[in-house]
Protein chains: 2
Amino acid sequence: MSGVLHVLLHMAQQPGPFTSETLAKAMDTNPVVIRRIMAGLRDLGYVRSEKGHGGGWTLACDLSKVTLRDVYTALGSPSLLAMGNRTEAPGCLVEQAVNAALDRAFHDAEALLLARLGEVTLAMLGDDLRKRLGSRKLQGMSAHGA
Amino acid sequence: MSGVLHVLLHMAQQPGPFTSETLAKAMDTNPVVIRRIMAGLRDLGYVRSEKGHGGGWTLACDLSKVTLRDVYTALGSPSLLAMGNRTEAPGCLVEQAVNAALDRAFHDAEALLLARLGEVTLAMLGDDLRKRLGSRKLQGMSAHGA
DNA sequence: GTTTCATGTAACTATTTATGTTACATGATG
DNA sequence: CATCATGTAACATAAATAGTTACATGAAAC
């Protein structure tokens, strides 16, 4: 999640297509990893990829219309919470009672988190970044800092 | 978490001290694992452990005063959310922007989850369990079911 | 007191999950 | 057709979690 947003935000700063290798260097990881995490976004049409000379990844969406929740969904909606229920022994009534209590709490928290993610668009992230870049520039430093 | 609650609820159903081995069998795990997860609860005084003949684990708290949040704390307050921030490259402004957005959402969700856990006492869980046991008994089945 | 039973804990061994890597196929461009 | 880039499978590594073994400590029974 954090990684994908990082990539998207980097891409939003300059136009050209970006190769997986370029992005991988910026994220300090491997090109294949980039392709993996971008696959979901491509399938949903948020980015486009092209092969051959001058190819690479391009933003293909209106940043003001895509929320962090959309990105989360594009990643396959992985579980948000660290603690899941014991799925073993579902016939045990003790387990059922425990799960019922935890499920309620977990569900509410998850719903809130998704709602919050749905309120933030990539464009907002970009705006925030530009603000940070502005104040940093005054100190004559680059985006990646020390 | 789920495991600890399972153990506590099992203990609340009968008085006697329970050996780690007994509890381990009920949880389908190893006695040492039981001792590990109970250690935090013991340190905070929620349960007591005794050695030798007739020893084992005993509940040592008012179940109506201990919330799921207390139990969570006793476990060392492990992170609740599955996705943390990339901590790498904290000097990168892009990362800072991403983290700022995610932190807000994560913090709210975590706070809600903790609040919900704080609303549920072990006694409530016990009540719920007894209700389930009641309706199950009518069918002539045991707590662990099929 | 010595045997037995139980916890306490360190050290080690799976097992799982996420991440990174290599290798090669596919397609686009010059 | 040589080069560059993605697509993807297969494998390797790393970190976290859970399970196991081994042994020390203390309490009760005899």
Side-chain angles (χ1 to χ4, degrees), chain A residues 1-7 11 16-60 72 74-89, chain B residues 1-7 11 16-60 72 74-89:
Chain A
M1 185 75 193
S2 178
V4 179
L5 293 175
H6 195 137
V7 169
M11 289 175 66
F18 301 85
T19 68
S20 301
E21 202 181 341
T22 303
L23 295 173
K25 253 169 205 154
M27 302 273 304
D28 197 47
T29 182
N30 195 287
V32 178
V33 175
I34 298 291
R35 295 189 190 114
R36 268 210 290 252
I37 64 181
M38 297 290 277
L41 295 173
R42 182 194 54 221
D43 294 346
L44 290 192
Y46 297 142
V47 298
R48 228 193 339 263
S49 66
E50 269 164 313
K51 300 181 174 180
H53 281 251
W57 299 91
T58 326
L59 288 173
Y72 164 75
L75 294 180
S77 308
S79 87
L80 294 167
L81 300 171
M83 319 189 298
N85 288 336
R86 290 167 44 91
T87 47
E88 314 137 40
Chain B
M1 185 77 193
S2 177
V4 179
L5 293 176
H6 196 139
V7 169
M11 290 175 67
F18 300 83
T19 68
S20 301
E21 202 181 342
T22 302
L23 295 173
K25 254 169 205 153
M27 301 273 306
D28 196 48
T29 182
N30 195 287
V32 177
V33 175
I34 297 292
R35 295 190 189 112
R36 267 210 290 250
I37 65 181
M38 297 290 277
L41 295 172
R42 183 194 54 222
D43 294 345
L44 291 192
Y46 298 141
V47 298
R48 229 191 341 261
S49 66
E50 270 166 313
K51 300 181 173 180
H53 280 248
W57 299 91
T58 326
L59 287 174
Y72 165 75
L75 294 180
S77 309
S79 88
L80 293 168
L81 300 171
M83 321 188 297
N85 288 335
R86 290 168 44 93
T87 47
E88 315 136 39

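Note that the structure is a prediction, hence the values are computed from the model and not measured. Naming convention: chains lettered A, B, ... in sequence-line order (proteins, then strands); numbering from 1 in each chain.
Listed pair B/S49 / C/dG8 meets the phosphate criterion, a side-chain N or O lying under 4.0 Å from OP1 or OP2. Remark: B/T29 is in phosphate contact with D/dG19, judged by side-chain N or O atoms under 4.0 Å from OP1 or OP2. Remark: B/R35 is not in phosphate contact with C/dG8, judged by side-chain N or O atoms under 4.0 Å from OP1 or OP2.
The nearest heavy atom of DNA chain D to B/N30 and to A/G55 marks one nucleotide each, and the one closer to the 5' end goes with A/G55. Residue A/K51 is the one, among A/K51 and B/G54, whose nearest nucleotide of DNA chain D lies closer to the 5' end (criterion: closest heavy atom).
Side chain A/R36 to base C/dG20: a donor-acceptor pair is found below 3.5 Å. A donor-acceptor contact under 3.5 Å is not formed by the side chain of A/R42 with the base of D/dG7.
Comparing D/dC4, D/dA5, C/dA6 by their nearest atom to the side chain of A/H53 picks out D/dC4. Listed candidates were D/dT6, C/dT4, D/dG19. Nearest to the side chain of B/V33 is D/dG19. Among the nucleotides D/dT8, C/dT7, D/dG19, the one closest to the side chain of A/V32 is D/dT8.
For the side chain to side chain contact (heavy atoms under 4.5 Å, CB included) with A/I34, the qualifying choice from A/T19, A/V7, A/T22 is A/V7, the only one to do so.
Proximity of B/V47 to B/T58: side-chain heavy atoms (C-beta onward) are nowhere separated by under 4.5 Å.
Looking at A/Y72, its side chain does come within 3.5 Å of a backbone N or O of A/P78 through a donor-acceptor pair.
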